[in-house]
Amino acid sequence: MSVYHAGSRAVQDLVGVRDRADHVGRSLGQDIKPVAAAFLELQPLLVVGAADPRTGRVWASPIAGTPGFVRATGPRQVSVAGGPPPTDPLAAALTAPGTPVGTIALDPRTRRRMRLNGRLRPTAKGFAVEADQVFSNCPKHIQRREAYERVPGRRPGTPSSGARLDAGQARFVAAADTFFLATVHARGADVSHRGGDPGFVRVVSPHELSWPDYPGNAMFLTLGNLRADPRAGLLFLDWATGTTLQLTGEAHTEFTADGERTVRFVVAEAVQTPAALPLRWSAPEYSPANPSVNVSGCDGS
C-alpha cells in the first residue's frame, strides 16, 4: 500500500513533485528507531490530534509531563502516561479504543520534531499508540527556545469557548510564531507544525484565518488530508504563560499560478484555557528560514 492517499497524490501532481514525494516517502516507516525513542524520552510536551467521536470535529490538544512520560514501549508502540484534562475537547477520543491519532513531539531547544501516527489503545496510566507512520521533519521554521522550566503551583484555569475569536484571541493568533495543525483522512490522523515570524497567521475576521504554506518536503501530507477531508484543528500556545487556544473548523488551500499556496481556515469553535500547561519557555530565536512578514495586513477585529 502506498504511503500516500489520493488527496496527497492530487496535491503532489498539482504542484508537480510526485517523483520527489516518492523519494522522500521512503523515510516513512512503522518502526521507532533507537534515536527516535531517545528523543521522545527527553520531551516535556506532546501534541495529539484526532476527531472527537461525539461531534466529528477535529482538534489538536497538548499533553505535558515530566520527561519520560512519553516512551517507546515496543518497536512500533509509544506509551503516554497521563492525558488531557476532562474538559479538553479530545478527552473522549483519547479514551476510545481504536481512535486514529496523530502525534508530534517538537523540541524547540534543538529544532527537532518527530511525528507518529497510528491507533490508540487506552492503558491504566494513559494510552498507547500502535504506529502506522513514524518520521522526522527538517528544522525549517522551528523557533529556537533555549530552555524551559516547570512553574510550581501553576494550575489550569477554566476553559472558555465560543463560535468566533474575540479581540484578545485575535491578538493572540496574530502574535503567534508557531501553531500545530491536526488533520484527518479515511485511514488515520496527523499533526503537523507551522511556524514563521509573528504575523504569518493573518486574522481575516473573527471567523477566518489564513496563512502561507511554505515550501517543505513535497509529501503534502497535511494539504493532502485537507483536500480529502477539510476538517482541521489548530493549537496555539503562549510559550510563557502556558495559555492555549484550540480552534476547530474547516480549511482549504488556494493555489496560485506562480506556485504560492495559502490555507484558509474557517472557525467553528474556539476554546481558550488560561495556564493550561505548566511549562514556561525562554524567548524565541526565530528560524533563519522564516520569510519576512508584512504584518500590516493582520486584522484583530
**Prompt:** Between T183 and R231, is a side-chain contact (heavy atoms from CB on, under 4.5 Å) present by the stated rule, with each step listed?
**Reply:** CA-CA 6 Å; T183 56; R231 292 177 295 164; over 6 Å; no
**Item:** ring pair (Phe, Tyr, Trp, His ring centres under 6.0 Å) assessment of Y148 paired with W239
**Value:** CA-CA 9 Å; Y148 75 90; W239 296 84; over 10 Å; no
**Request:** Step by step, work out the side-chain contact (heavy atoms from CB on, under 4.5 Å) result for L223 and R261.
**Result:** CA-CA 10 Å; L223 296 196; R261 300 180 295 274; 4.0 Å; yes
**Request:** Could you walk me through whether V173 and R202 pass the side-chain contact (heavy atoms from CB on, under 4.5 Å) test, one step at a time?
**Result:** CA-CA 8 Å; V173 170; R202 181 170 180 263; over 6 Å; no
**Request:** Check the pair N225, H5 against side chain to side chain donor-acceptor pair (under 3.5 Å), reporting the backbone distance first and the verdict last.
**Result:** CA-CA 8 Å; N225 288 351; H5 58 72; 2.7 Å; yes
**Message:** Could you go through F220 and Y4, starting from their C-alpha distance and side-chain angles, then the distance that decides it, and tell me whether this counts as side-chain contact (heavy atoms from CB on, under 4.5 Å)?
**Reply:** CA-CA 9 Å; F220 289 111; Y4 302 117; over 6 Å; no
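Criterion: ILVMFWY side-chain heavy atoms under 4.5 Å apart, direct or through other members. Under it, Y214 and L234 are part of a common hydrophobic cluster. When hydrophobic clusters are built by joining Ile, Leu, Val, Met, Phe, Trp and Tyr residues whose side-chain heavy atoms come closer than 4.5 Å, directly or via intermediates, V47 is not grouped with L94. Put simply, F127 and M114 are part of the same group of oily side chains (I, L, V, M, F, W, Y) that touch within less than 4.5 Å, one to the next. When hydrophobic clusters are built by joining Ile, Leu, Val, Met, Phe, Trp and Tyr residues whose side-chain heavy atoms come closer than 4.5 Å, directly or via intermediates, V184 is not grouped with V101. The hydrophobic clustering, which links ILVMFWY residues whose side-chain heavy atoms are closer than 4.5 Å, places L277 and V80 apart.
Interatomic distance, D190 CG to L226 CG, rounded to the nearest 0.5 Å: 10.0 Å. A distance of 10.0 Å separates CG in D107 from CG in L45, rounded to the nearest 0.5 Å. Atom-to-atom distance recorded for L181:CG and I104:CD1 is 10.0 Å, nearest 0.5 angstrom. One finds the CG atom of L235 at 8.0 Å from the CG atom of L245 (value rounded to the nearest 0.5 Å). Going from atom CG of L237 over to atom OG1 of T178 covers 8.0 Å, rounded to the nearest 0.5 Å. With rounding to the nearest 0.5 Å, the separation of CD in E130 from CG in N117 is 13.0 Å.
The minimum heavy-atom distance between A270 and L165, with the atom names listed, is CB-CD2, 4.2 Å. Closest non-hydrogen pair, A276 versus T244, comes out as CB-OG1, 3.5 Å. In this structure, S161 and E269 approach most closely via the heavy-atom pair CB-OE2, 4.0 Å. Here the shortest heavy-atom pairing between L221 and F135 reads CD1-CZ, 3.5 Å. Residue F236 comes nearest to A176 through the heavy atom pair CD2-CB, 3.7 Å, listed as atom of the first residue, atom of the second, then distance. A pairwise comparison of heavy atoms in P159 and V271 identifies CB-CG1, 4.1 Å as the closest pair.
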Could you go through residues 58-68 and list every donor-acceptor pair under 3.5 Å that involves a side-chain atom there, pairing it with any protein atom two or more places apart or in another chain?
from: S61; atom 1: OG; to: D88; atom 2: OD1; distance (Å): 2.6
from: S61; atom 1: OG; to: D88; atom 2: OD2; distance (Å): 3.3
from: S61; atom 1: OG; to: Q246; atom 2: NE2; distance (Å): 3.1

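Classification of D13 and R18 as a salt-bridged pair holds, one side-chain N sitting under 4.0 Å from a carboxylate O. Looking at E146 and R109, no side-chain N of the basic residue comes within less than 4.0 Å of a carboxylate O on the acidic one, giving no salt bridge. Using a 4.0 Å cut-off between charged nitrogen and carboxylate oxygen, D31 and R76 count as a salt-bridge pair. Using a 4.0 Å cut-off between a side-chain N of Lys or Arg and a carboxylate O of Asp or Glu, D22 and R9 qualify as a salt bridge. Taking a cutoff of 4.0 Å between a charged side-chain nitrogen and a carboxylate oxygen, D132 and R187 do not qualify as a salt bridge.
Inspection of the H141 and N290 side chains reveals an N or O donor paired with an N or O acceptor under 3.5 Å. When only modelled atom types and interatomic distance are considered, T73 and Q77 share a side-chain donor-acceptor pair under 3.5 Å. Under the 3.5 Å distance criterion, with hydrogens and angles disregarded, no donor-acceptor pair is assigned to the side chains of R264 and T262.
In this structure, the side chain of R164 does not engage the main chain of V267 through any donor-acceptor pair within 3.5 Å. R111 places a side-chain N or O within donor-acceptor distance of the main-chain N or O of I142, the cut-off being under 3.5 Å. Between the E208 side chain and the S205 main chain, no donor and acceptor come within less than 3.5 Å of each other. Here the side chain of K140 pairs a donor or acceptor atom with the backbone of P215 at under 3.5 angstrom. Distance alone, capped at 3.5 Å, places no donor-acceptor pair between the R194 side chain and the D177 backbone.
Within the structure, every pair that satisfies the side-chain hydrogen bond (donor to acceptor under 3.5 Å, both in side chains) test and touches residues 279-288, not counting sequence neighbours, is listed here: E149-R280.
Enclosure of atom NE2 in H252 by more than 12 non-hydrogen atoms of other residues, nucleotides or ligands within 6.0 angstrom is indicated. Enclosure of atom CD in Q30 by more than 12 non-hydrogen atoms of other residues, nucleotides or ligands within 6.0 angstrom is indicated.
Side-chain contact between R121 and P97 is absent, with no heavy atoms from C-beta onward closer than 4.5 Å. Put simply, the side chain of R227 reaches to within 4.5 Å of the side chain of V11, judged on heavy atoms. You'll find the side chain of R71 stays beyond 4.5 Å of the side chain of S79, heavy atoms only. Contact of the S136 side chain with the R115 side chain is not registered, since no non-hydrogen atoms from C-beta on lie closer than 4.5 Å. Using a 4.5 Å heavy-atom cutoff, the side chains of L28 and M219 are in contact. A heavy-atom distance below 4.5 Å is not found between the side chains of V191 and T103.
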